[in-house]
Trainee: 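Handing you this structure, nothing more for now.
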Amino acid sequence: MSQAEVIDWGLAERIARTLAGNGSGKRQVRRADLRRAARGSVGLVRDYTGLEPKGRLPSAEVVDRREWIDANMQALRSMASPAERNLASSLDLPGPFGPGLRAAAGAAAGVELGLVTAYLAQRVLGQYDVALIGPRRPARLLFVAPNLADAQSRLGAEREPFLRWIALHEATHVVQFGAVPWLRDHIGGLAEELLADAFSGVRMGDLARSARRLLTPDPRRIVAALRRGEWTSPFVGERRRRLVRRLQATMAVVEGYSEHVMDAVGAELDPAFGELREGVERRRDQRGPIEALLGRLLGLDLKMRQYRLGKAFCDEVAEKRGIETLNRVWSEPAALPRPSELERPGRWLARVA
């Protein structure tokens, strides 16, 4: 770990890999399958939405869970770098307690990042991976093969229509970020604020208690302690919850818009896509052990509620006023629905449209 880093990234990665496993099925979903399923998806989304993406569009990549964890840890480490530099100086206290405090803060943050990453690594089917903070880099379009194979099996779906339906969702993200130049910086700004505020208001005693439970380099022992309820997050606070809610409100629109488009376009391609939607909603209601851990330890609602809220909002606006009116959410950051408007689209229509 460099002097400019605070978070124990090695610990985060070990916990994520231990909890998430690697799944099976990478060879069951081939790159050729996904490329065939994704062919023409961007054009279908563009025709329906009227949004026009600019720049080079990424090709589909097939990864397993560990490869997905590696890619996202690298992205998170890059995003957190500016915040860590500031935190490093604030945590370098004089005397014998300074190094211990910094190590405790880094280990606790590593545990949380490992938990969240493990949870997502088991759930994410596809991801439009774009640099939200810092220098721009080529975007990637990642599909997590074992999760796709598992979801297809659970849904009892045919391979080709299932992959095509999922590809429509990710193609919508490609179009969104390619056509809305401010979206990357807006989400990145919220994420940067959340990262910068991560250690604000943390009490020394809470950090010390966390450190005593993390005095082992073995991630399996840490995971076992987590499951026994022997560790609680020192970072949970009202300010952090407010920042998370702001970020979730934005992501609800981003994801809900994609959910609306994949269903609207999919209904024209194959009526059977409606059955896939019902199956996916049932899958989201299943609360796995990692999700239960996150809810108990971090006090955050990381269930897929934001998908449902965002999709319901987009469905209602598009049904009442059409996709052109719904596209006003992309006109400027101020036009995004507020958290209270997500459940009452009429308020957003009155304010913006």
Side-chain angles (χ1 to χ4, degrees), residues 7-25 63-77 79-80 107-129 132 142-151 154 166 169-170 187 191 194-195 198 210 214 219-220 222-236 240-241 243-245 247-248 251-252 254-255 280-310:
I7 298 169
D8 191 333
W9 293 100
L11 178 62
E13 185 171 349
R14 292 194 298 273
I15 286 177
R17 285 178 170 232
T18 301
L19 273 173
N22 204 27
S24 60
V63 297
D64 59 26
R65 286 179 186 165
R66 287 182 178 173
E67 290 167 332
W68 186 89
I69 288 170
D70 289 344
N72 279 269
M73 281 292 176
Q74 185 177 357
L76 282 169
R77 198 166 187 166
M79 287 171 58
V111 167
E112 288 200 12
L113 282 172
L115 276 170
V116 174
T117 304
Y119 164 73
L120 293 173
Q122 289 188 338
R123 304 283 294 196
V124 167
L125 302 180
Q127 177 188 8
Y128 180 64
D129 178 26
L132 296 172
L142 307 178
F143 290 90
V144 187
N147 296 352
L148 286 168
D150 178 67
R154 288 175 182 270
I166 298 301
H169 181 104
E170 299 308 322
I187 297 175
L194 186 61
L195 286 168
S210 295
L214 300 172
R220 291 169 297 183
I222 294 176
V223 168
L226 291 171
R227 286 175 169 154
R228 292 193 301 267
E230 296 176 5
W231 184 81
T232 54
S233 170
F235 302 118
V236 175
R240 187 187 186 194
R241 289 192 181 97
L243 287 171
V244 169
R245 282 196 292 268
L247 182 58
Q248 283 183 325
M251 295 310 299
V254 172
E255 295 293 348
V280 166
E281 293 302 325
R282 287 194 299 272
R283 179 175 178 264
R284 287 174 178 167
D285 282 331
Q286 297 170 355
R287 187 176 172 88
I290 299 180
E291 191 172 359
L293 268 175
L294 282 170
R296 188 178 78 246
L297 295 175
L298 308 185
L300 301 177
D301 179 11
L302 288 180
K303 291 179 70 175
M304 295 299 178
R305 185 170 181 262
Q306 72 179 37
Y307 283 85
R308 291 197 176 108
L309 267 181

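Values in this document were obtained by computation on a predicted structure and should not be read as measured data. Only this structure's heavy atoms are used, side chains among them; waters, hydrogens and symmetry mates stay out.
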Trainee: Checking Asn147 against Arg65: is there a side-chain donor and acceptor pair closer than 3.5 Å?
Mentor: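 There is such a pair between these side chains.
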
Trainee: Considering only heavy atoms from C-beta outward, does the side chain of Val144 approach that of Asp64 to under 4.5 Å?
Mentor: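 Side-chain contact under 4.5 Å: no.
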
Trainee: Examine distances only and state if a side-chain atom of Asp8 and a backbone atom of Gly110 form a donor-acceptor pair shorter than 3.5 Å.
Mentor: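 Flag not set: sc Asp8 to bb Gly110 has no pair under 3.5 Å.
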
Trainee: With a 4.0 Å cut-off, would you call Asp70 and Arg17 a salt bridge?
Mentor: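 So Asp70 pairs with Arg17 through a salt bridge.
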
Trainee: Ignoring hydrogens and geometry, is there a side-chain-to-backbone donor-acceptor pair from Glu170 to Phe143 under 3.5 Å?
Mentor: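 Not a single qualifying donor-acceptor pair exists.
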
Trainee: First locate atom CD of Glu13, then atom CZ of Arg66, and finally report the distance between them rounded to the nearest 0.5 Å.
Mentor: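 Reported to 0.5 Å precision, the distance equals 10.0 Å.
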
Trainee: Does a salt bridge link Asp150 with Arg154, judged by any charged N lying under 4.0 Å from a carboxylate O?
Mentor: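 A salt bridge links Asp150 with Arg154.
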
Trainee: Using every non-hydrogen atom in the two residues, find where Met73 and Ala16 come nearest and quote the distance to one decimal.
Mentor: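 Taking every non-hydrogen atom into account, CE-CB, 4.2 Å.
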
Trainee: Supply the atom-to-atom distance Leu113 CG to Ile15 CD1, rounded to the nearest 0.5 angstrom.
Mentor: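 That separation rounds to 9.5 Å.
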
Trainee: Using a 3.5 Å distance criterion without hydrogens, assess whether the side chain of Gln127 forms a donor-acceptor pair with backbone atoms of Leu142.
Mentor: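 A pair under 3.5 Å: no.
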
Trainee: Closest approach of Leu19 and Ala118, non-hydrogen atoms and distance?
Mentor: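 That would be CB-CB, 3.6 Å.
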
Trainee: Where do Leu120 and Trp68 come nearest, in terms of heavy atoms and distance?
Mentor: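 That closest heavy-atom pairing would be CB-CH2, 3.5 Å.
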
Trainee: Which value, rounded to the nearest 0.5 Å, describes the distance between Gln122 atom CD and Ile69 atom CD1?
Mentor: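 Result: 8.5 Å between the selected atoms.
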
